[in-house]
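Shown next, in structure tokens, is the structure this report addresses.
Keep in mind the model is a prediction, meaning the values are calculated, not measured. Counting begins at 1 with the first residue of the sequence.
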Amino acid sequence: MDQIIVEGNGPLKGEIPIAGAKNACLTLMPATLLTDQPLTLTNAPRLSDIRTMTALLGSLGAEVASLQDGQVLALSSHAMTSHRAEYDIVRKMRASILVLGPLLARDGVAEVSLPGGCAIGARPVDLHLRALEAMGASLDLRDGYVHAKAPSGGLRGAVFDFPVVSVGATENALMAATLARGTTVLKNAAREPEIVDLARCLRAMGAQIEGEGTGTLTIQGVQTLHGATHPVVTDRIELGTYMLAPAMCGGEVECLGGRIELLEAFCEKLDEAGISVEETPRGIKVTRKNGRVRAVNVRTEPFPGFPTDLQAQFMALMCMAEGTSVLEETIFENRFMHAPELTRMGARIEVQGGHATVTGVERLRGAPVMATDLRASVSLILAGMAAEGQTTVSRVYHLDRGYEHVVRKLRNVGAHIERVKEEV
């Protein structure tokens, strides 16, 4: 198992290219199941989760070719051989549930194992199922699988009001609705850039969709979809993560391909903390001058609010801020597992339920720490870059699910970081 070793060092300077969005690409890939014509995705990230989705689609009979060093994915589902998404693949990644809607919409039947993924809370799939039931699907949960059937004649349009905002359930319902008979209206739908990106791709494939980026999506079902070529949107979570590197270490870093509109709430909090954020023709430039950052309070919310996937990284910044900040996690329970590891580095954090109170210290100290999930992994790396001495981060296999070439990208702006094999 690999470890990442980080030595605290001075200010950073340079450029970091931001990859295509993992969460967008993992949603776009199952869209191939909606058509028998080719779908090509450009600006794809090179991550282990993408390989897992490739394996899952392959097990269903879809073909996925990785081109141009993995940055282009050519997909085709012209010869489906199975409608069963097996547990051995699905357990590795929660996004696997996104094959359910497309399979059901195109062929009227699907068997999908209940998913796995990071241990950051229950994250049930009941909203996915309820939205599909509203379109006429009959569902049976047995032996750890969702057994789904569409009525004769296929899914039908429906009005469904999500009781709480759910990105994944919105994505599954949106894909299914593209081939349903009649009009589907999804209320209280997720508004994330990844939803907008999916809608744009589906529209390029011939879907009739209105309202992406708002809380109401209206989909007029069509008989068939066709092939398309679509660029994956910039990864706003990778963008925010690398924006925090100069915020913590000092210096100036330009994140290529970034746009403030992807992270307005996050950028507002950086500004409140005293970090300069400037949009440039090539991306976003982040600068921190001398002195400590200011403590600010954060509450995670669905888009356009502060992203839950940047909470751990922002906590690392607040550990060194002047004053006391309160971070409230409203999206996932059990998402402060990085707090005890940051405490090992000298941070002062008190967790009570969904609130973490962070009293800033002047400097963190390097220590051996253990990653508990994807975003916790990178929060500990950022903390190590700003700490005194050496930090060793173990269990970094989580990292490969969401960040490509993280060591190379950080080293190129001056970080002292390396990836090594763990000594037995």
Side-chain angles (χ1 to χ4, degrees), residues 18-31 34 39 41-45 95 98 101-102 127-128 131 134 157-180 183-222 225 228-240 243 255 257-269 277 279 283-284 299-310 330-331:
I18 305 302
K22 171 183 86 95
N23 290 339
C25 195
L26 289 175
T27 305
L28 294 164
M29 292 175 71
L34 293 165
L39 173 64
L41 302 177
T42 62
N43 194 38
L98 294 176
L127 294 182
H128 300 244
V159 176
F160 184 77
D161 193 345
F162 290 98
V164 295
V165 175
S166 169
V167 175
T170 299
E171 292 165 341
N172 234 336
L174 172 58
M175 286 190 281
T178 61
L179 296 178
T183 302
T184 299
V185 180
L186 302 176
K187 298 183 178 181
N188 198 28
R191 300 162 57 186
E192 272 73 0
E194 294 80 12
I195 300 286
V196 175
D197 200 42
L198 174 61
R200 288 173 177 167
C201 178
L202 293 171
R203 190 179 291 118
M205 296 168 67
Q208 297 184 20
I209 302 168
E210 295 179 356
E212 69 270 19
T214 75
T216 302
L217 287 166
T218 303
I219 307 101
Q220 180 65 47
V222 296
L225 296 180
T229 297
H230 177 79
V232 180
V233 70
T234 296
D235 193 321
R236 62 195 173 97
I237 305 303
E238 185 188 45
L239 171 62
M243 289 173 69
C255 296
R259 304 194 313 276
I260 287 177
E261 68 181 29
L262 295 172
L263 285 174
E264 286 190 11
F266 173 78
C267 290
E268 288 171 4
K269 289 299 179 181
V277 177
E279 198 161 77
I284 295 178
R299 184 176 192 268
T300 64
E301 295 177 314
F303 189 85
F306 191 99
T308 180
D309 279 349
L310 286 172
T330 70
I331 309 298

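- Scanning for side chain to side chain donor-acceptor pair (under 3.5 Å) contacts around Arg203 gives Glu212, with sequence neighbours left out.
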Go through Phe266 and Arg236 one step at a time and tell me if the side-chain contact (heavy atoms from CB on, under 4.5 Å) criterion holds. CA-CA 10 Å; Phe266 173 78; Arg236 62 195 173 97; over 6 Å; no
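- Cys255 and Leu239 make their closest contact through CB-CD1, 3.6 Å (heavy atoms, listed as atom of the first residue, atom of the second, distance).
- Looking only at side-chain heavy atoms (C-beta outward), Val233 and Cys25 stay at 4.5 Å or farther from each other.
- The line from CG of Leu41 to CE of Met29 is 7.5 Å long, rounded to the nearest 0.5 Å.
- Between Leu225 and Gly206, the shortest heavy-atom distance links the atoms CD2-C, 3.7 Å.
- In this structure, the separation between CD on Glu301 and CZ on Phe306 is 11.0 Å, given to the nearest 0.5 Å.
- In this structure, Pro163 and Leu127 have side chains that are in contact, with non-hydrogen atoms separated by less than 4.5 Å.
- By the side chain to side chain contact (heavy atoms under 4.5 Å, CB included) test, Gln220 is found to be paired with Thr183, Gln208, residues two or more places apart in sequence or in another chain being considered.
- Thr216 contributes no side-chain N or O that, together with a main-chain N or O of Lys187, makes up a donor-acceptor pair within less than 3.5 Å.
- Formation of a donor-acceptor pair under 3.5 Å by the Asn172 side chain with backbone atoms of Gly101 is found in this model.
- Using a 4.5 Å heavy-atom cutoff, the side chains of Pro193 and Glu261 are not in contact.
- Scanning both residues, Leu217 and Ala189, for their nearest heavy atoms gives CD1-CB, 3.9 Å.
- Residues forming a side chain to side chain contact (heavy atoms under 4.5 Å, CB included) with Glu279 (at least two apart in sequence, or on another chain): Arg259, Ile260.
- Distance CG/Leu26 to CG/Leu98: 8.0 Å, rounded to 0.5 Å.
- A donor-acceptor pair is defined here as one N or O able to donate and one able to accept, closer than 3.5 Å; such a pair exists between the side chain of Asp235 and the backbone of Lys22.
- The heavy-atom pair separating Ala173 from Ala131 by the smallest distance is CB-CB, 3.9 Å.
- His230 pairs with exactly one of Thr42, Asn43, Asp197 by the side-chain hydrogen bond (donor to acceptor under 3.5 Å, both in side chains) rule, that one being Asp197.
- Residues Glu194 and Thr27 form no side-chain contact, since every pair of their non-hydrogen atoms from C-beta on lies 4.5 Å or further apart.
- Atom CD1 of Ile209 is separated from atom CG of Leu202 by 4.5 Å, given to the nearest 0.5 angstrom.
- Here Phe160 pairs with Phe162 under the ring-ring contact (aromatic ring centres under 6.0 Å, His included) rule; sequence neighbours left out.
- Taking each heavy atom of Thr214 and Gly211 in turn, the nearest pair found is OG1-O, 2.6 Å.
- The line from CD1 of Ile284 to CD1 of Ile18 is 8.5 Å long, rounded to the nearest 0.5 Å.
- Looking only at side-chain heavy atoms (C-beta outward), Val165 and Arg191 stay at 4.5 Å or farther from each other.
- With sequence neighbours left out, the side chain to side chain donor-acceptor pair (under 3.5 Å) criterion links Thr234 to no other residue.
- The NE2 atom of His128 sits 8.5 Å away from atom OG1 of Thr170, with the distance rounded to the nearest 0.5 Å.
- Taking each heavy atom of Leu39 and Leu28 in turn, the nearest pair found is CD2-O, 3.7 Å.
- Judged by distance alone, with hydrogens and angles left aside, the side-chain atoms of Thr218 form no donor-acceptor pair with the main-chain N or O of Val185 at under 3.5 Å.
- Between Met175 and Leu198, the closest side-chain pair of non-hydrogen atoms falls below 4.5 Å.
- Annotation: side chain to side chain contact (heavy atoms under 4.5 Å, CB included) contacts of Val167 (sequence neighbours excluded): Glu171, Ala190, Glu192, Ile195.
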